[in-house]
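Below you'll find the structure, written out as structure tokens, and then a few comments.
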Protein chains: 2
Amino acid sequence: MARTQQERKAETRARLLAAAADLFADQGIDAVSVDAVAEAAGRTSGAVYAHFGSKQGLLLALLDSWKDSVLAVLLAEVAVSDSPAGQLAAVWSNLSDTSDEASGRWPVLEQELWLRAARDPEVADVLRVRNAEALRFSARQLDGWTSAVGARPTAAPDGLAVLVKALLTGLALQKRLTPETVPDDLALRGIVALVGLPTDTADSPTGMSPVSTDRTTD
Amino acid sequence: MARTQQERKAETRARLLAAAADLFADQGIDAVSVDAVAEAAGRTSGAVYAHFGSKQGLLLALLDSWKDSVLAVLLAEVAVSDSPAGQLAAVWSNLSDTSDEASGRWPVLEQELWLRAARDPEVADVLRVRNAEALRFSARQLDGWTSAVGARPTAAPDGLAVLVKALLTGLALQKRLTPETVPDDLALRGIVALVGLPTDTADSPTGMSPVSTDRTTD
DNA sequence: GTCTATATCCCGATAGAC
DNA sequence: GTCTATCGGGATATAGAC
């Protein structure tokens, strides 16, 4: 059968993409040569050009195969069991956990792509599509959540998703540079303020204390 | 006098730094060659190495001569004349104005530096110091402001500064990629929620309407 | 301190054998 | 489709004249 050939081709493509994802994430796209990607995938640079035509082609193919939906995924995974504030805390701690491999690399990779998009329209287009999808999904999740727990959000679902994503992104950046300036409970407070979870009564059913700093010592 | 020599040296140094700031900001640090910097400053690459030893040395000297305090400056500049919400709106519109040259470049440059810091401890150190100063200053400004206008902030001054900076940063990034997803009034709502400006009464003295989208059509 | 010239290296991409 | 070999270009950094 000709199947073996096709399989090898497909495997090569997959291995190249995986290698690129790895290397790009932790060394930066510009710092990684085509040869390095090929070698990490057990091939040579010729294979890269046969499959993707150029380094840029490789990057675009990679973006096309990705989920930007880290936030969306996290929102989807939130367990319904915990208290509302506890759920928000879980989202943040997963997002900001630098020990986890995928999450740890997420902010760096995301910023790298954003920066590239700021100077490369082709990348910007792909990123915009992905971003729109993720926001749509997050908006739905947040909408369901806020009405379920009786929160009074700062803005309509679409806008709220933008605000929450923005705050989480900014906090992740800040934490990466100066972890001690963004304790978990501060992040939680910020999110709570945006989604409008009530916090003013001493023992509200939200499971969050109004003033002091107590939960998730990480 | 030997003064002429010294002056020329100082001027060369200043011109090199200025040229580097310009080029780095709009093409990216890696994309700019030492030769390009020198040429833009009316010198040759030899001058760069005589003054800074390496490209990295040039970058560090540049960081050392910078103010990261864009946000701090903006907070300081807020006029006392307008309504509280109007003042917040002014901060955001100055920060997110992509037409202004300095502000337009700010997010890109800031992200570039952040990204570099994520992989280069030397840069990270410099950035941390700068960031700490800016946050301290912002915290003082915000503290004075919130008590002056009678807001009920989400967190203590230091924490509040972190939250506000994070939200503004995240929103600026989002706006750069997809401007239509972050209208001015949405940004304002988010900031208002964090600083705890009251918005629930129909015509409160804050100058902000509670529900609809009306101000600063940009 | 500054310039010119150059050493040295590495990258992206192509050509051609298999 | 994949490899080997190589071209052409551009980068950082150094050497030496002035």
Side-chain angles (χ1 to χ4, degrees), chain A residues 1-63 65 112 116 119-120 122-123, chain B residues 1-24 26-63 65 112 115-116 119-120 122-123:
Chain A
M1 281 206 219
R3 180 66 62 81
T4 337
Q5 282 283 48
Q6 281 194 14
E7 277 178 1
R8 173 167 173 85
K9 179 181 174 182
E11 191 200 334
T12 294
R13 191 189 149 92
R15 292 178 62 165
L16 288 173
L17 286 174
D22 255 16
L23 294 175
F24 285 177
D26 71 50
Q27 299 181 30
I29 300 172
D30 289 316
V32 173
S33 69
V34 174
D35 276 321
V37 172
E39 188 180 4
R43 297 287 183 277
T44 60
S45 68
V48 172
Y49 288 96
H51 277 277
F52 307 104
S54 68
K55 189 181 183 179
Q56 176 84 343
L58 170 61
L59 176 62
L60 293 177
L62 191 56
L63 286 178
S65 78
E112 172 115 26
R116 189 161 279 256
R119 294 176 180 130
D120 182 342
E122 221 172 1
V123 174
Chain B
M1 281 206 222
R3 181 67 62 80
T4 336
Q5 283 282 46
Q6 280 194 14
E7 278 177 2
R8 175 169 173 84
K9 178 182 173 183
E11 190 201 334
T12 294
R13 191 189 148 93
R15 291 178 62 166
L16 287 173
L17 286 174
D22 256 16
L23 293 175
F24 285 176
D26 71 51
Q27 299 182 30
I29 301 171
D30 289 316
V32 173
S33 70
V34 174
D35 276 321
V37 173
E39 189 181 2
R43 296 288 184 278
T44 60
S45 67
V48 172
Y49 289 97
H51 277 275
F52 306 104
S54 68
K55 188 180 183 181
Q56 175 83 341
L58 170 62
L59 176 62
L60 292 176
L62 190 56
L63 285 177
S65 78
E112 172 114 26
L115 196 57
R116 188 159 279 253
R119 294 174 180 132
D120 182 341
E122 224 171 0
V123 174

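Below, chain A is the first sequence line, B the second, and so on; all start at residue 1. All values below were derived from every heavy atom in this structure, side-chain atoms included, with hydrogens, water molecules and symmetry-related copies excluded.
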query: Does the side chain of A:Val37 reach to within under 4.5 Å of the side chain of A:Asp22, using non-hydrogen atoms?
result: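 Result no, sub-4.5 Å side-chain heavy-atom pair not found.
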
- prompt: Are any non-hydrogen side-chain atoms of B:Phe52 and B:Leu62 less than 4.5 angstrom apart?
  reply: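 With C-beta onward as the side chain, the pair stays apart.
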
Which whole-number value in Å describes the distance from [X] [atom1] to [N] [atom2]?
X       : N      : atom1 : atom2 : answer
A:Glu39 : C:dG12 : CD    : P     : 14 Å
B:Asp30 : C:dC11 : CG    : P     : 13 Å
B:Leu59 : D:dA13 : CG    : P     : 12 Å
A:Phe52 : C:dG12 : CZ    : C1'   : 16 Å
A:Lys55 : C:dT14 : NZ    : P     : 15 Å
B:Tyr49 : D:dT14 : OH    : C1'   : 9 Å
A:Gln56 : C:dC11 : CD    : C1'   : 16 Å
B:Gln27 : D:dG10 : CD    : P     : 14 Å

- prompt: Could you give all pairs that pass the salt bridge (charged side-chain N to carboxylate O under 4.0 Å, His left out) test and reach residues 30-57 of chain B, with sequence neighbours left out?
  reply: B:Asp30-B:Arg116

message: So, taking the atom named NZ in B:Lys9 and the one named NE2 in B:His51, what distance separates them when rounded to the nearest 0.5 Å?
response: 6.5 Å

message: At 4.0 Å (heavy atoms only), tell me whether B:Val32 reaches a base, stays on the sugar-phosphate, or touches nothing.
response: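 Sugar-phosphate contact only.
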
- prompt: Closest heavy-atom contact between A:Glu112 and A:Ile29?
  reply: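 For A:Glu112 versus A:Ile29, the nearest heavy atoms are OE2-N, 3.0 Å.
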
query: Among all residues two or more places apart in sequence or in another chain, which pass the salt bridge (Lys or Arg N to Asp or Glu O under 4.0 Å) test with B:Glu11?
result: B:Arg15

message: Does the protein touch nucleotides 1-7 of chain C at the base, only the backbone, or not at all? Give it as B, S and - per nucleotide, heavy atoms under 4.0 Å.
response: SBBB---

